[in-house]
Amino acid sequence: MRVIVIGAGAIGCSVAYHLAKEGATVTVVDPEGLRAGATLTSFAWLNCHDKKPEDYYRLVMRGNLAHRELGEEIGHANWLRLTGALEWWPADTQKAKDHSVRLNRLRSYGHPIEILNADDVISLEPDVSRSSLEGCEAVFYPTDASVDTVVYRHVLMREAERRGTRLIEARVHNLLERSGRIVGVRLDNRSELEADYVINCAGCAINTVGAELGHAVPLEWKPGMTVITDVSRNNVSRIMKAPEIYIKPERAGRLLLHAKSADLTLKDITAFDAGEAGARQIAALVENVLPTVGGVKITAIRISVRPYPADGMPVFGPLPGIEGYHVAVTHSGISLSPLIGQAAVEEILYGRTSKDFELFRPTRFSHSAPSAT
Ligand SMILES: Cc1cc2nc3c(=O)[nH]c(=O)nc-3n(C[C@H](O)[C@H](O)[C@H](O)COP(=O)(O)OP(=O)(O)OC[C@H]3O[C@@H](n4cnc5c(N)ncnc54)[C@H](O)[C@@H]3O)c2cc1C
């Protein structure tokens, strides 16, 4: 079967790899190659702490485990860090009560959580300043992991290409339709590519393709940013979520940093100085937690709009009345990408319904949808 995958983010690359592994002839189309999208900006933390209801929590948990299985299948999971993660927050506040409700919910699902004191945190991460832990409650999530998304999508694409996949650097302009069936795509340069099936994995741009079909996935506009630091003296080895900043070790002594307050500075993401104010905030916040990285230099600011369906839940599946076409768009897409690849094989190649995504169909937006966080 010939399949066109629109978009080469984490989801498109995973779909391409899984389909190619099962013998499909795959063409991936993305104007930016492997260089863009929410996948590049992502914090890429494999966790499921805020996922509810339980069906959604279980789905994301399976996605996180599927990264390990994918690593074993490919032979070397060099995009994964299986280190667990740390989180701490001020005790005796309304937020602490919210955290307690969240931890109780996670425990009721059987999720492993270890309660730590300041000494425990510092023994795991010796660079963390004692003052940043003062008056805080802290936990360790042993099953959490993190993904290097640059490595992840290159590995998936390399493995897909070894099985005959082509990556074309072009933008899909519209779908080709014949008698209610999608039979290919037209590119911006007017050339046409034919296929037996098309899957749209264009992230936050998903509705820019296929608008003529009269279906759109309602998305929220949620821009986000991360920054990368220069090489610095640090011993950070796992993801840490301190009260105002998210810290993740990258290769060669770099840190990838994220703060919700910095996202709020993103009013116009196309402005020439977009992200600069947020980057300054992040640089100040990280020094409170990790004084040893003093004078941190930001070398890259990454900004993108999260692919965020309006009810916060994944969207995967065909559209009603249209043959030969699937859509796949979700937040937590790094976590879920291996499962979406597997589901694409089930549904597109074998015509079976994916158990993982039967609750998360695009058709739900024509009815009242459950809300989620
Ligand atoms: C700040 C931030 C933090 C995040 N943290 C996490 C986290 O901790 N854990 C987690 O699991 N997820 C996280 N996410 C979400 C996650 O990154 C996304 O869900 C995931 O990257 C989505 O992947 P995707 O392949 O759907 O989309 P993208 O990575 O956006 O890829 C879509 C691709 O489609 C291409 N495209 C667009 N239009 C067209 C067209 N017309 N033709 C062809 N190609 C097209 C684009 O160029 C792009 O490369 C975070 C996101 C952000 C922004």
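Position 1 is the first residue of the sequence, and the numbers go up from there. Order of listing sets the numbers, starting from 1, for every ligand and every atom in it.
- Ionic pairing of Arg158 and Glu161 is not present here: no N-O contact between side-chain nitrogen and carboxylate oxygen is shorter than 4.0 angstrom.
- Side-chain contact between Lys248 and Thr226 is absent, with no heavy-atom pair separated by less than 4.5 Å.
- The heavy-atom pair separating Trp88 from Ser132 by the smallest distance is NE1-O, 3.2 Å.
- Under 4.0 Å is where a charged nitrogen must lie from a carboxylate oxygen, and between Asp263 and Arg306 at least one such pair does.
- Between His215 and Val327 the shortest side-chain heavy-atom distance does not fall below 4.5 Å.
- Taking 4.0 Å as the cut-off between side-chain N and carboxylate O, Arg361 and Glu347 count as a salt-bridged pair.
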Can you produce the list of protein nitrogen or oxygen atoms under 3.5 Å from a nitrogen or oxygen of ligand 1, alongside each distance?
from	atom 1	to	atom 2	distance (Å)
ligand 1	5 (N)	Phe43	N	3.4
ligand 1	8 (O)	Ala44	N	3.3
ligand 1	8 (O)	Trp45	N	2.9
ligand 1	9 (N)	Trp45	O	3.2
ligand 1	11 (O)	Ser332	O	3.4
ligand 1	11 (O)	Ile334	N	3.2
ligand 1	11 (O)	Ser335	N	3.0
ligand 1	11 (O)	Ser335	OG	3.4
ligand 1	14 (N)	Ser42	OG	3.3
ligand 1	17 (O)	Ala38	O	3.4
ligand 1	17 (O)	Ser42	OG	2.9
ligand 1	19 (O)	Thr330	O	2.9
ligand 1	19 (O)	Gly333	N	2.8
ligand 1	21 (O)	Thr39	N	3.2
ligand 1	21 (O)	Thr39	OG1	2.9
ligand 1	23 (O)	Thr39	OG1	3.3
ligand 1	25 (O)	Ala10	N	3.2
ligand 1	25 (O)	Ile11	N	3.1
ligand 1	29 (O)	Ala38	N	3.3
ligand 1	29 (O)	Thr39	N	2.9
ligand 1	29 (O)	Thr39	OG1	2.5
ligand 1	30 (O)	Ala38	N	2.9
ligand 1	41 (N)	Val172	O	3.1
ligand 1	42 (N)	Val172	N	2.9
ligand 1	44 (N)	Val29	O	3.4
ligand 1	47 (O)	Asp30	OD1	2.8
ligand 1	47 (O)	Asp30	OD2	3.4
ligand 1	49 (O)	Asp30	OD2	2.6

